[in-house]
There are 2 protein chains.
Amino acid sequence: MLKEERQHTILNEVELHNRVLLTDLAERLDVSIDTVRRDVKELDGENRLVKVHGGAVSLGFANHSPKRNNVYALDEKITIAKKATSFLKENSVILIDGGTTCQELARLLPTNINLTCFTLSLPVAMELLGKPNVETIFIGGMLSKDSQIAIGSNAIHNLSQIKVDYSFIGTGYVDAGFGLTEFDWDIVQTKKAVIHASKKTVLLCISEKLNSQHRFKTCDLNMIDTMITELEPEHPLLESFKNQDLYLL
Amino acid sequence: MLKEERQHTILNEVELHNRVLLTDLAERLDVSIDTVRRDVKELDGENRLVKVHGGAVSLGFANHSPKRNNVYALDEKITIAKKATSFLKENSVILIDGGTTCQELARLLPTNINLTCFTLSLPVAMELLGKPNVETIFIGGMLSKDSQIAIGSNAIHNLSQIKVDYSFIGTGYVDAGFGLTEFDWDIVQTKKAVIHASKKTVLLCISEKLNSQHRFKTCDLNMIDTMITELEPEHPLLESFKNQDLYLL
DNA sequence: TTGAATTTTGCTGTTTTTTGCAATCTTTTT
DNA sequence: AAAAAGATTGCAAAAAACAGCAAAATTCAA
């Protein structure tokens with residue numbers, strides 16, 4: 001077999017699977033692992049793939065993972081996401097909602113425990129695909145162009161079939177009196193279904209959103225089990241959320 | 001045998017198989033390996049093929065050019081995608097499969113007609129979200145980390161509920177005799193369901209994949225209504241795909 | 001047709017490239 | 001920290017490329 005032919009197949013495999021193991025390639029191409037390693041090294045040098053420990057990944061995949069489109073209030077979101085991971089245990093079944101804070105949680109999910117993760121959000125799903133320890137299930141449905149999540153009756157029906165240990169949700173607006181609200185009716189319906197599909201619901205909410213409200217109501221605060229903000233639970237801004245039958249974290 | 005005749009045969013072989021070994025050529029042409037080597041060197045000088053260590057590859061094969069937009073063989077894929085758009089009409093309901101060629105189709109969907117588009121592929125869905133004229137529905141299910149598409153029983157069940165006008169699918173491998181094959185059993189099951197959910201199935205297939213096969217079979221070629229490659233339908237490489245009860249485009 | 005000049009071809013020995021193996025070092029995982 | 005998986009290096013055998021040469025084939029002018 002020609003070297004060119006071999007490298008061609010390697011590129012094909014990489015493009016197809018996004019990541020490949022050198023051992024698999026060696027077996028498939030019926031050459032020694034050293035030869036494959038040399039080929040991959042060469043292709044890496046030509047920027048046609050990215051060599052990683054034990055294998056190679058496609059350029060698309062390599063460029064995809066560390067993408068961060070929204071760096072707005074990133075630190076706060078990271079703080080929130082880290083707090084949220086404290087709920088996770090080996091084999092937890094969770095659901096992650098859309099929104100940039102939830103995306104951050106997806107990105108920061110621990111790599112040392114196995115998780116099953118449902119999501120309605122395209123960007124979250126993308127993030128999760130990069131995690132070998134996370135089994136990801138996308139809740140299908142009509143896609144909302146601005147929020148990039150699945151909505152509509154199909155999504156809601158699919159949600160009615162599951163019950164996850166924890167769901168981590170975001171919200172457009174939250175108010176101690178009015179509860180969680182959104183600007184979009186369909187999204188409200190979907191979030192309701194998410195909450196219904198969860199044993200415990202955790203709200204990830206940057207403090208900017210506190211004491212704001214909009215048109216359509218998702219639920220009252222007592223439907224939420226825990227609210228996580230980037231603030232200390234004792235922070236004065238959170239005063240009005242105490243004695244609301246929800247934990248602050 | 002005349003030198004000219006020999007070189008003609010060599011070019012033919014290269015065109016047909018994309019790659020040749022000098023030893024094979026020598027045996028087939030019944031001349032010494034040095035003669036073949038000299039012939040190939042000459043043809044290489046004339047830019048009719050590319051000489052490589054131990055053999056030669058076709059120009060197309062060698063032009064698997066280094067990264068452009070992170071996608072290999074982008075030009076070919078664009079050609080294919082453009083051909084595929086000829087099937088679309090106002091309010092068509094279509095399904096777009098995963099894979100880079102299908103992604104290209106998603107990217108090149110016309111913006112002047114309204115479409116309803118189902119997909120199992122995360123990257124395709126991402127692409128479609130940017131199109132105001134396309135209503136996108138994601139078929140939910142377990143996500144395959146490799147191929148970034150939804151697979152599994154849930155996806156298959158969801159597919160069983162729909163019947164689209166056209167589905168545009170890719171395949172890992174295709175062979176005139178064996179039909180469409182894949183490396184992954186789950187993906188095969190999902191693709192079967194896709195074909196079943198379509199009035200017409202269009203296969204998007206870059207010519208490199210022709211005459212290759214793998215472990216698991218998706219379907220025979222007669223299940224496909226149209227096969228689109230970047231080549232002219234009369235191209236010799238497509239010879240074996242004629243008289244197969246499918247249109248070539 | 002003949003015979004010298006030219007080209008083509010196959011062979012030889014030499015150099016280069018490729019490949020697999022073993023020993024050693026490094027990274028990752030537990 | 002130990003164990004396992006992967007990477008690196010050097011080396012030797014095999015395969016291929018190269019250069020030079022002579023025989024064979026082809027061309028061409030007389």
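So you know, we letter chains A, B, ... as the sequences are listed, proteins then strands, and number each from 1.
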Let's go through B:Glu182 and B:Thr171 carefully: what are the C-alpha distance in whole Å and the side-chain angles of both, what is the deciding distance for side chain to side chain donor-acceptor pair (under 3.5 Å) to 0.1 Å, and is it a yes or a no? CA-CA 7 Å; B:Glu182 297 285 340; B:Thr171 185; 3.3 Å; yes

For B:Phe183, does the CZ atom sit with more than 12 other heavy atoms under 6.0 Å from it, leaving out its own atoms? yes

Axis-to-axis angle for the helix from C:dT1-D:dA30 to C:dT30-D:dA1, ends of five pairs each, to 10°, equals 40°

Using 0.5 Å steps for rounding, measure from the CG atom of B:Leu105 to the CG atom of B:Leu128. 8.5 Å

Between A:Lys3 (NZ) and D:dA14 (P), how many Å, whole number? 21 Å

For B:His53 and D:dA17, what is the distance between atoms NE2 and C1' respectively, to the nearest whole Å? 7 Å

Let me know the distance between CG of A:Leu25 and P of D:dG6, rounded to the nearest Å. 12 Å

Could you label the plane-to-plane angle of the B:Phe216 and B:Trp185 rings as parallel, tilted or perpendicular, counting under 30° as parallel and over 60° as perpendicular? perpendicular

Just one of A:Thr229, A:Ile228, A:Val202, A:Leu203 clears the side chain to side chain contact (heavy atoms under 4.5 Å, CB included) bar with A:Leu249, so which one? A:Ile228

Quick one: label B:Val52 by what it contacts on the DNA or RNA (base, sugar-phosphate, nothing), any heavy atom closer than 4.0 Å. sugar-phosphate

Please check if atom NZ in A:Lys200 has more than 12 non-hydrogen atoms from other residues, nucleotides or ligands closer than 6.0 Å. no

Would you kindly give the CZ-to-P distance between A:Arg19 and D:dG6, to the nearest whole Å? 14 Å

CD1/A:Ile139 to CG/A:Asp97 distance, rounded to the nearest 0.5 angstrom? 11.0 Å

Whole angstrom is fine here: how far is it from CE in A:Met1 over to C1' in D:dA14? 19 Å

I need the NZ-P distance between B:Lys41 and D:dA16, as an integer number of Å. 17 Å

Under 4.0 Å between a side-chain nitrogen and a carboxylate oxygen: does that hold for B:Arg19 and A:Glu4? no

Winner on side-chain proximity to B:Asp34, out of D:dA19, D:dA16, D:dA7, is D:dA19

Interface limits on DNA chain C, where chain A has a heavy atom under 4.0 Å of a nucleotide atom: C:dT18 to C:dT28

Rounded distance in Å - CZ (A:Arg37) to P (D:dG10): 16 Å

Using a 4.0 Å heavy-atom cut-off, does A:Leu22 contact any base of the nucleic acid, only the sugar-phosphate backbone, or nothing at all? sugar-phosphate

Consider side chain to side chain contact (heavy atoms under 4.5 Å, CB included). Of B:Leu108, B:Leu204, B:Leu231, which one does B:Ile80 pass it with? B:Leu204

